Structures are given as structure tokens and as C-alpha cells.
Amino acid sequence: MRILHRYILMELLRVFLLALAGFTSIFMMVGLVQEAVQQGLSPLQVLCLIPYIIPSSLPYTIPSTILLAVTIVYGRLAADNEIMAAKSAGINVLYLVAPAAMLGLFLSFTTLYLFNHVIPAANFQMKNAFAASVEEMVYAMLKRDHQIKSHSMPYEIVVRDVQGKALKKTVFRHRDANGNYDMTAYAEEASLDFDLASRVVNVHMSKATVRDRGFIAVAQDKIFTIPLPAVTQDAKRFRDMTLADVQSRKAELLREVDQAKQAAVCGIAMAVASGHLRDTRWESLPEALDQEQSIQRSLRRLDCESHMRCAIAFGCLAFVLLGCPVAILFQRGDYLSAFITCFLPIITLYYPLVMFGLNLSKEGIASPFVLMHVGNVMLLLLSIPPFRYVMRH
């Protein structure tokens, strides 16, 4: 009996690893191309990003890959009448499905570990890699777009050409608070000096013509200091947090709620107790309420993030339990038909339910524990009829 388990498990692993390599490569190439286009990365920088993008793609490729593996392996076992031979020998179908279920459970915990530990660390390292190569990224952007312009920065640089580190025919502008240009400088040649420690870049313009608030200065060497955009955010995004970070952030937000309430109530109570009702800052109550609502939204998002990771991770097991009986039922058909039959409800029902539950949970309409796991429960219910049929016939 152990030989049969070992044989099925080895077949599953062989197909799974081959398919995972293919699916991850496709998923990774799409992500790399998108990142390269957005950041203006060089081919060498794109290659350096591969170790950081692979972990982020695995939670989305592993469930589909294990589904493909079980449909191929169990479809072939059924087509070769090995399932029928095992049942004739008194072996229950559930015993034959046990290796796939164990592999699905193992992959579920592996995916959860990736979500909670590996992916946040990989994203952090990728941001540091971006920060270290910010000079190359800026020059690549100037070569590609011939300008650096953003609504979030009051500065902009326009160049005619980039030759090495030299910027030819450079125009440097500054906008005031109203969005109007209050300073413009022009030079035949300029260069950039990056100070990553101070997070600034110095624009050196030789023999520049500067127009500043109506005054014009000609043939001056000017240096303009621009703050670098925050490539590495001080505040982590929810998806970049480890499980320990999520719990720490939740505790911090709860303390902020208590402190805001105490500050508002104590301030009003002291004013009332001292008899200075005119000095009472009643407007602090709506401010405290708005702050509490904002913190509560952040708390709900943290809860949603934790349950979404768990739901997607244990989707591996749900995919396996749906794919095994369907693959056996398609014993006379091809493996692709069984895979598509299983994948259609996943695309049309499972992932929409997860996204729908995520949005409702963020609004606080219902518990994220209930809404986020509806998709997995739905797949398990769909797997019951084919399992019953396979066990009977």
C-alpha cells in the first residue's frame, strides 16, 4: 500500500514541479516586463529583480499548478484503469486520493509561510535594490522620456539628450504652490550628483541662464538641490507586512484609538469641571470620531489581509479535492478538459467571491473570517457530488 502512495506522490511531484516552473516563468516575465516599463530598468537590473519577484508569484501559481498536476495524474490513472484495478483489490478511492490531499495541505502551509515571511522580506529587499540603483533609474528615465515630471514634486527636468552622465540642453523648472512656474533655468550642459545618505540629488548647471521671479541672470554656474522621492517607504504596505508586523500594527492602532478617546474626553471633562464651558473644544469630538473611524478602517484592512492570505493559501487543498474526482470522471476524455472543467468555477466563482468578500470585509459589513473563506467552502461543496459518484461507481 505504501508503494502505491509513493508512486502517486512521485508522479504528482514530477508533473507539479515541471508545471510550476513553466507557470512561474510566464507569470514572472509578465511582472518583469511591467516593472521594467514603469521604472525604466536596464536588462541587468531586470535580471537582478528575478529572485525578488519569484516569491511574490508563487502564491498565485501554486494553486493552479497543483490543480493541473492532479488532473493529469489522476486522469491518466483512470484512463489506464488503475483506479478500477485498485477498487477491485478492495482499495478505497479516498486512499488513492490521500497523497494528493497531503501534498495540497503541505502546499497550503507553504503558501501561507510565503505570504507571512518570505514575500514581505523579498519586497523589502527589492525596494532596497531600487534605492541602491536610483541613479541608473533616473538616467534611464531621462534617456527614455527626456524628462522627469511629476505632480507630487514641484521640480521638473527636461533634456534634449543624455550622453553618458552629461545632460545636453537641460531645462530646470520650479513650480509654486499654485502650480505656476516661478523659476526656470537653462544650460547647454548639466550633470546630476546623487547623495543617497541625505536623499537628495544636486543638479549642476554650467553657465546657466536663470529666470527667477522676473529677474534674469546669465552665464552662472548654478546648483539646484532636489529631494529624492521615497523609494523605500517608511510605512509598510499591508502586503509587505509579516505576521508579526500585522499583530504589532494592530496593537499600535488599538493604543491610538484609546489615546484619542482619552484625550478628547479628558479635555472636555476638565473644561466642564472648571466651569469654563466657553473654552470647551466640542469640535474635538468629531475630530476624535473621524480619527477613530480611520483607525478602525486600518484595523479591518489588517484583518482582511490576514484572512485573505489564509484563504488563498488553503485554496491549494480545495483545488486538489475538486480536481481529483473530476479527473477520474474524465477517464475517457483528455486531461485539458478535466483541468478546464475544474478551472471554470474557480475563475467565475472562487476568485470573484474572494474579491467580493475582501471588499465587504473592508467596509465592516461582515466578519472577514466568514467572507474570505466562502470560496474554499464553495469548492469543497462542489467536490462532494463527483466524489460520491466515483466512490459508488
Side-chain angles (χ1 to χ4, degrees), residues 28-53 123-235 237:
M28 183 183 60
M29 289 306 299
V30 173
L32 282 175
V33 169
Q34 181 181 5
E35 198 69 40
V37 170
Q38 290 179 352
Q39 304 293 342
L41 304 178
S42 64
L44 181 59
Q45 291 173 320
V46 170
L47 291 177
C48 294
L49 287 179
I50 291 178
Y52 307 123
I53 294 181
N123 290 340
F124 180 75
Q125 293 297 330
M126 185 167 64
K127 288 182 180 180
N128 288 341
F130 276 136
S133 60
V134 65
E135 181 175 355
E136 297 180 17
M137 291 168 57
V138 169
Y139 275 106
M141 187 181 301
L142 288 172
K143 287 181 180 180
R144 185 188 71 239
D145 300 332
H146 299 285
Q147 66 175 358
I148 296 178
K149 182 178 181 181
S150 175
H151 294 292
S152 61
M153 295 189 303
Y155 304 94
E156 64 179 64
I157 302 175
V158 181
V159 300
R160 177 71 61 84
D161 190 19
V162 179
Q163 298 178 2
K165 300 296 183 180
L167 309 179
K168 301 297 183 180
K169 297 186 182 300
T170 305
V171 178
F172 179 84
R173 299 189 182 100
H174 178 268
R175 295 190 301 271
D176 58 18
N178 298 323
N180 301 317
Y181 295 112
D182 58 359
M183 191 277 295
T184 302
Y186 171 81
E188 287 289 330
E189 185 172 322
S191 61
L192 303 178
D193 179 24
F194 289 82
D195 187 355
L196 297 180
S198 302
R199 298 176 69 173
V200 297
V201 56
N202 298 310
V203 183
H204 296 264
M205 305 186 73
S206 59
K207 298 180 180 180
T209 300
V210 183
R211 180 178 179 180
D212 189 358
R213 296 179 177 86
F215 298 96
I216 299 177
V218 183
Q220 289 189 351
D221 292 339
K222 297 289 291 184
I223 299 178
F224 301 100
T225 301
I226 306 175
L228 282 173
V231 179
T232 54
Q233 303 289 340
D234 295 330
R237 297 181 304 172

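What you see is a predicted model; the values in this text were computed from it and never measured.
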**Q.** Which atom of Ile157 lies closest to which atom of Ile226, heavy atoms considered
**A.** CD1-CD1, 4.0 Å

Q: Locate the shortest heavy-atom distance separating Ala187 from Ser206; write the atom from each residue and the value.
A: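 For Ala187 versus Ser206, the nearest heavy atoms are CB-O, 3.6 Å.
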
Q: State which residues pass ring-ring contact (aromatic ring centres under 6.0 Å, His included) with Tyr155; sequence neighbours excluded, sorted by chain then number.
A: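 Residues passing ring-ring contact (aromatic ring centres under 6.0 Å, His included) with Tyr155: Phe172, His174.
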
When rounded to the nearest 0.5 angstrom, what is the spacing between [atom1] in [X] and [atom2] in [Y]?
| X | Y | atom1 | atom2 | value |
| --- | --- | --- | --- | --- |
| Met205 | Leu192 | CE | CG | 10.0 Å |
| Thr170 | His146 | OG1 | NE2 | 12.0 Å |
| His204 | Lys165 | NE2 | NZ | 13.5 Å |
| Arg173 | Met183 | CZ | CE | 10.5 Å |

**Q.** Residues in side chain to side chain contact (heavy atoms under 4.5 Å, CB included) contact with Thr225, at least two apart in sequence or another chain
**A.** Val200, Asn202

(Q) Checking Gln147 now: which residues fulfil side chain to side chain donor-acceptor pair (under 3.5 Å) with it, not counting sequence neighbours? (A)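 Checked Gln147 against side chain to side chain donor-acceptor pair (under 3.5 Å); zero matches.
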
**Q.** Qualifying residues under side chain to side chain donor-acceptor pair (under 3.5 Å), relative to Asp193, sequence neighbours excluded
**A.**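 Partners of Asp193 by the side chain to side chain donor-acceptor pair (under 3.5 Å) criterion come out as none, since no residue qualifies.
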
Q) By salt bridge (Lys or Arg N to Asp or Glu O under 4.0 Å), which residues pair with Glu188, not counting sequence neighbours? A)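 Salt bridge (Lys or Arg N to Asp or Glu O under 4.0 Å) list for Glu188, sorted by chain: Lys169.
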
